[in-house]
Amino acid sequence: MDVQLKRGILDICVLTALLKEPSYGYKIIKDIQPYMSISESTLYPILRRLEESNAVLVNTQEHNGRLRKYYSITETGRNRITAFLEEWKSMMDIYAFIEGEIKGND
């Protein structure tokens, strides 16, 4: 898969993992893992980038005697998911066209 495409999809997967409730890094990884492979070294730069673009907010809370960062999705993040889904519809139309042409040439 193209690196840029995968990067964009990972961003959307992280945002989607935050739709139900705020979450922290390890849990985000576990929530995404059944659908796409992601490591901590991949996740944390994504979270920083999403924070810088105002797609997520970060809140630090104490948990078992140490600080843990919780991430929550913003309206900007929700809008990114909506835009992705709209763009994906166009991609599926292109896919159907390509697949139809290939099958038509068999």
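Along the sequence shown, residues are numbered consecutively beginning with 1. Everything numeric in this text was worked out from a predicted model, so none of it was measured. Just the heavy atoms: all of them, side chains too, but no hydrogens, waters or symmetry mates, feed the values below.
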Please answer: with hydrophobic residues joined when any side-chain heavy atoms are less than 4.5 Å apart, are Trp88 and Met36 in the same cluster? yes

Using a strict threshold of under 4.0 Å (side-chain N to carboxylate O), is an ion pair present between Asp31 and Lys27? yes

Rounded to the nearest 0.5 Å, what's the gap from NZ on Lys69 to CG on Leu47? Could you check? 9.0 Å

In this structure, CD1 of Ile12 is separated from CD of Glu87 (nearest 0.5 Å) by 8.5 Å

Check: Ile9 and Phe84 side chains under 4.5 Å, non-hydrogen atoms: yes

Which atom pair, heavy atoms only, marks the closest approach of Leu43 to Gly25? CD2-O, 3.3 Å

Please step through salt bridge (charged side-chain N to carboxylate O under 4.0 Å, His left out) for the pair Arg48 and Glu52, ending with a clear verdict. CA-CA 6 Å; Arg48 278 193 298 280; Glu52 289 169 2; 6.0 Å; no

Quick check: do Arg68 and Thr60 have side-chain heavy atoms less than 4.5 Å from each other? no

OG/Ser23 to CD1/Ile73 distance, rounded to the nearest 0.5 angstrom? 12.0 Å

Gln61 side chain reached by Leu67 side chain, heavy atoms, under 4.5 Å: no

Cluster question for you: counting only ILVMFWY and a side-chain heavy-atom cut-off of under 4.5 Å, with indirect links fine, are Leu15 and Tyr26 together? no

Measuring from atom CZ of Arg49 to atom CG of Leu10, what distance do you get when rounded to the nearest 0.5 angstrom? 8.5 Å

In terms of ring plane angle, is the pair His63 and Tyr24 parallel, tilted or perpendicular, where the classes change at 30° and 60°? parallel

Measuring from atom CG of Leu57 to atom CG of Leu50, what distance do you get when rounded to the nearest 0.5 angstrom? 11.5 Å

Does one hydrophobic cluster hold both Tyr35 and Ile28, with members joined at side-chain heavy-atom distances below 4.5 Å? no

Side chains of Leu19 and Arg78: does their closest heavy-atom pair fall under 4.5 Å? yes

Between SG on residue Cys13 and CD1 on residue Ile38, distance to nearest 0.5 Å: 8.0 Å

Using the side-chain contact (heavy atoms from CB on, under 4.5 Å) definition, which of the options Leu85, Asp11, Thr74, Thr16 pairs with Arg80? Asp11

